[in-house]
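For reference, the structure is listed below as structure tokens.
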Amino acid sequence: MNIVEINLYSHQGDTRTLKFSSAGLNIITGRSSTGKSALSAIVEYCMGRSTFNIPEGVIRDKVAWYAVTYQFPGEQVMIAKPTPSTGHSSCRTAMIRRGANVTAPSFNELTTNADDDNVVSLLSELLQIPENRTDVPLEHSRVSYQANIKHAYFYLFQTQGLVTNKDQLFYRQNESGMSLTIKDTLPILLGVAPDDRLELAAKLRTARRELKIHEKVLAEASEFAKQLNTGGLRLLSEARQVGILPSGENPTTTEDILTQLRAALDWQPASIPDENPARITGLEEELSDLRGERRTLTRSLEAARLFSKKQDGFSREAAEQKDRLESIRALPRNSQTSEWQWPFSEENLGMASPIAEALLGELESLDEEMRQVTGERPGMQVYIGELEAGIDAATTSIRGKEEQLAAAITANEALVAMGNRNNAAARIVGRISFFLESYQPDSKLSDLESRKFALQRHVEELERDAGEDDSEARLASILNLISTRINTYIKELRAEFSEYPFRFDFANLTVVADRPDRGIPMHRMGGGSNHLACHLGALLALHYFAATSDRPFPRFLFIDQPTQVYFPSEAVYKDADGSIEQTEAADSDIERVKALFAMLYRFAAEEVPGFQIIVTEHANLRDDWFQKSLIEEPWTKPPALVPDDWE
């Protein structure tokens with residue numbers, strides 16, 4: 001799988017075509033901000049990645065569609081995708097066109113007829129990635145999935161920030177979960193899992209899972225049988241406490257325990273009448289009224305008794321005065337008979353004088369008051385008696401209401417207690433039901449044991465058919481071959497520690513220099529040129545193995561600005577601007593720049609014929625082989641990826 005051409009379409013329908021040599025070294029050099037670094041993002045976007053990573057600016061604003069044509073043996077496939085709509089950062093729709101020689105469509109012919117899933121499926125099929133499934137252990141939380149062309153992205157792109165990164169070897173390796181994805185899928189792409197073993201391995205995993213589940217069921221059943229009597233008697237005791245079963249002696253045999261427990265399953269909750277909270281409220285209100293009435297009567301009684309007590313004192317005083325008046329016959333005439341009763345004077349003697357009249361008036365008033373007090377006393381006693389009777393009646397009514405209220409409250413509490421007992425009983429019945437469902441008779445345990453032995457034999461047969469699992473040994477062998485090749489490229493790039501053997505550390509996804517005293521991983525090596533050597537060494541070695549072993553890897557590699565490490569600064573590197581003169585005039589290690597490009601040229605032309613390397617650069621060399629590798633004149637803006645006259 002190589003890249004034939006990239007086509008861009010403006011919103012007005014203009015087309016920009018960038019053609020590549022499908023084998024060998026392809027170089028694009030030029031100034032900054034001309035669109036060179038966007039090429040790898042465009043290719044990835046048109047390989048089925050939905051996320052749109054094209055840089056903001058001219059390209060996003062002026063390009064409406066992107067199209068990439070890929071070359072497969074005997075067939076070409078064009079994948080075109082539109083720029084995501086405004087406000088969106090991804091697009092899943094695509095256009096697919098296939099043929100022996102595909103011609104890029106005109107702008108008016110562009111239309112979606114597929115999506116990214118179709119693109120991934122088609123490219124994976126044409127690349128001949130075998131049917132597979134990542135072998136994720138059962139105890140891991142992540143799920144198994146199928147390896148496809150998207151899992152080759154890691155080995156196709158070396159972006160500007162990645163090519164000298166000391167902590168990250170592969171593209172997107174630092175994203176969440178991607179390290180595990182690389183470790184799951186790279187062995188499949190390298191051929192560690194042969195195609196004819198996939199079905200057998202799947203059957204073996206299923207059989208082992210079934211055996212593990214069955215062993216758990218058998219263990220639980222055996223443990224239940226051991227604890228049957230103890231657990232059953234405990235449940236019987238609880239059932240008796242809540243009234244599900246009548247009290248009695250504990251059974252002595254397992255069958256008796258099971259019989260009584262099964263009887264408990266017939267329990268039905270007691271019927272609970274509805275509560276009547278209004279009845280209690282009404283009684284409380286009536287009781288409050290009666291108590292208020294009794295308080296009123298009591299206050300009236302106290303007032304009456306106080307008045308009566310004061311009246312008694314006045315009556316005694318008045319009686320004494322009356323007795324005194326009667327003893328001396330103070331009034332001239334008897335108040336009852338009207339007879340003259342003063343023995344010491346003549347009848348009506350001097351009674352007509354004012355003084356006599358005043359004295360007689362006072363005496364008559366006193367006599368009248370004494371008669372009134374004496375006459376009112378019986379009425380007061382009657383009134384007090386009525387009050388006392390009313391208080392007694394109110395007290396009696398209050399007692400009656402209090403008894404009714406207490407009975408109503410007790411009835412409600414009984415309803416609550418009855419509901420609680422029902423709930424407790426229901427829980428116990430549920431536990432008894434689960435207990436009985438878990439019970440396995442001896443005959444069932446025997447069947448479970450037999451089933452376990454049958455599953456074990458099935459697993460053993462599948463293991464024999466699969467043979468000894470030598471995938472780890474085969475992966476180790478492949479990694480050794482890749483590591484040997486890494487040494488070749490790192491030595492050619494004259495990296496530090498190149499006198500020692502380098503190896504690909506698959507467990508940590510890095511490159512390590514094995515010194516006799518200790519290994520030195522890439523992140524502990526100083527200098528960007530050493531990191532560049534590790535990156536290119538690992539990628540070229542992987543692609544060399546994939547190509548010579550006919551593994552399903554795309555036969556291209558994008559490298560963005562690799563020679564930056566050989567210039568004294570980024571500013572000096574960018575000032576090269578794709579010019580031979582400025583590249584040679586820069587204070588750079590021009591010999592190492594040539595060595596790097598020469599290695600890439602030889603790799604694509606001789607070591608892996610048919611392989612395609614696409615390099616975007618600022619440097620430019622006058623060597624003929626370098627100039628033949630340029631796919632266009634250096635981009636000086638103009639020219640650039642997007643024409644200046646596009647709107």
Side-chain angles (χ1 to χ4, degrees), residues 1-28 35-36 38-50 52 54 59-60 62-84 91-128 149 152 156 554-558 604 610-614 616 628-633 635 638-647:
M1 175 182 175
N2 306 110
I3 298 171
V4 177
E5 64 181 30
I6 296 175
N7 285 279
L8 308 184
Y9 297 84
S10 73
H11 293 281
Q12 287 71 37
D14 300 314
T15 305
R16 166 77 160 104
T17 300
L18 199 62
K19 292 185 178 293
F20 297 88
S21 172
S22 59
L25 180 62
N26 293 257
I27 301 174
I28 302 173
K36 301 185 302 296
L39 292 174
S40 62
I42 293 172
V43 171
E44 185 183 15
Y45 184 56
C46 292
M47 284 179 67
R49 186 174 186 189
S50 301
F52 188 70
I54 311 301
I59 303 176
R60 276 187 179 238
K62 295 187 176 183
V63 178
W65 279 75
Y66 304 84
V68 179
T69 302
Y70 302 101
Q71 180 69 59
F72 291 91
E75 182 179 2
Q76 290 184 350
V77 176
M78 186 215 69
I79 308 297
K81 295 184 66 176
T83 297
C91 173
R92 290 184 52 81
T93 58
M95 175 183 179
I96 298 177
R97 176 175 283 188
R98 302 174 63 177
N101 289 284
V102 174
T103 302
S106 66
F107 182 76
N108 294 330
E109 293 177 312
L110 292 171
T111 181
T112 57
N113 59 9
D115 61 19
D116 284 336
D117 290 340
N118 303 130
V119 172
V120 169
S121 178
L122 174 61
L123 297 182
S124 299
E125 178 184 348
L126 294 175
L127 199 59
Q128 297 183 354
I149 195 171
L156 304 181
R555 298 291 193 262
F556 69 84
L557 173 63
F558 263 92
F611 195 82
Q612 182 184 47
I613 297 178
I614 300 173
T616 51
K628 290 178 181 178
S629 299
L630 293 176
I631 67 170
E632 289 189 347
E633 290 296 317
W635 290 359
L641 179 61
V642 177
D644 284 348
D645 58 355
W646 278 18
E647 297 180 1

What donor-acceptor contacts under 3.5 angstrom involve side-chain atoms of residues 104-111, with partners at least two apart or in another chain?
unit_1: Ser106; atom_1: OG; unit_2: Glu109; atom_2: OE1; d: 3.3
unit_1: Glu109; atom_1: OE1; unit_2: Ser106; atom_2: N; d: 2.7

Donor-acceptor check, side chain of Arg16 to backbone of Ala640, threshold 3.5 angstrom: yes or no?
yes
Least distance between heavy atoms, Gly610 atom then Asn2 atom:
O-ND2, 3.3 Å
Could you list the residues that satisfy side chain to side chain donor-acceptor pair (under 3.5 Å) with Asn7, not counting sequence neighbours?
Glu5, Thr17
Listed by chain and number, what are the side-chain contact (heavy atoms from CB on, under 4.5 Å) partners of Thr103, not counting sequence neighbours?
none
Please report the closest heavy-atom contact between Leu8 and Trp646, naming both atoms and the distance.
O-CH2, 3.5 Å
Shortest non-hydrogen contact from Leu123 to Met1?
CD1-CE, 4.2 Å
Partners meeting salt bridge (charged side-chain N to carboxylate O under 4.0 Å, His left out) with Lys628 (sequence neighbours left out):
none
Which distance, rounded to the nearest 0.5 Å, do you find between the OG of Ser10 and the CD of Glu647?
8.5 Å
Once side-chain contact (heavy atoms from CB on, under 4.5 Å) is applied, do any residues pair with Pro638, and if so which ones, sequence neighbours excluded?
Asp644
CD1 of Ile614 to CD1 of Ile631, rounded to nearest 0.5 Å, is 7.0 Å
Could you check whether any side-chain heavy atom of Phe558 comes within less than 4.5 Å of a side-chain heavy atom of Leu156, counting everything from C-beta outward?
no
What's the spacing between Lys62 NZ and Leu641 CG if we round to 0.5 Å?
12.0 Å
d(Phe20 CZ, Ile6 CD1) to nearest 0.5 Å is 4.0 Å
If you apply the rule side-chain contact (heavy atoms from CB on, under 4.5 Å), what do you find for Leu39 with Leu18, and how did you get there?
CA-CA 10 Å; Leu39 292 174; Leu18 199 62; 3.7 Å; yes
Report the residues that fulfil side-chain contact (heavy atoms from CB on, under 4.5 Å) with Ser629, sequence neighbours left out, ordered by chain and then residue number.
Leu25, Ile27, Tyr601
Nearest-0.5 Å distance that lies between atom CE in Met95 and atom CG in Asn118:
14.0 Å
How would you list, by chain and number, every residue that makes a side-chain contact (heavy atoms from CB on, under 4.5 Å) with Glu633, sequence neighbours excluded?
none
Over all atoms of both residues, closest heavy-atom pair of Met47 and Tyr70
CG-OH, 3.0 Å
Distance-minimising heavy-atom pair for Ser21 and Ala23:
OG-O, 2.7 Å
Partners passing ring-ring contact (aromatic ring centres under 6.0 Å, His included) against Phe556 (at least two apart in sequence or in another chain):
none
For residues 71-82, tabulate all N or O donor-acceptor pairs below 3.5 Å that involve a side-chain atom, not counting sequence neighbours.
unit_1: Gln71; atom_1: OE1; unit_2: Gln76; atom_2: NE2; d: 2.8
unit_1: Gln71; atom_1: NE2; unit_2: Glu75; atom_2: O; d: 3.2
unit_1: Glu75; atom_1: OE1; unit_2: Arg98; atom_2: NH2; d: 3.3
unit_1: Glu75; atom_1: OE2; unit_2: Arg98; atom_2: NE; d: 2.5
unit_1: Glu75; atom_1: OE2; unit_2: Arg98; atom_2: NH2; d: 2.9
unit_1: Gln76; atom_1: OE1; unit_2: Val102; atom_2: N; d: 2.9
unit_1: Lys81; atom_1: NZ; unit_2: Tyr45; atom_2: O; d: 3.4
unit_1: Lys81; atom_1: NZ; unit_2: Arg49; atom_2: O; d: 3.1
unit_1: Lys81; atom_1: NZ; unit_2: Cys91; atom_2: O; d: 2.9
unit_1: Lys81; atom_1: NZ; unit_2: Asp116; atom_2: OD1; d: 2.9
unit_1: Lys81; atom_1: NZ; unit_2: Asp116; atom_2: OD2; d: 3.1

Who are the side chain to side chain donor-acceptor pair (under 3.5 Å) partners of Trp635, not counting sequence neighbours?
Glu632
To the nearest 0.5 Å, atom CG of Leu122 lies from atom CG of Leu127 at 10.5 Å
Among residues at least two apart in sequence or on other chains, which ones pass side chain to side chain donor-acceptor pair (under 3.5 Å) with Asn113?
none
Shortest non-hydrogen contact from Trp65 toward Thr112
CH2-CG2, 3.9 Å
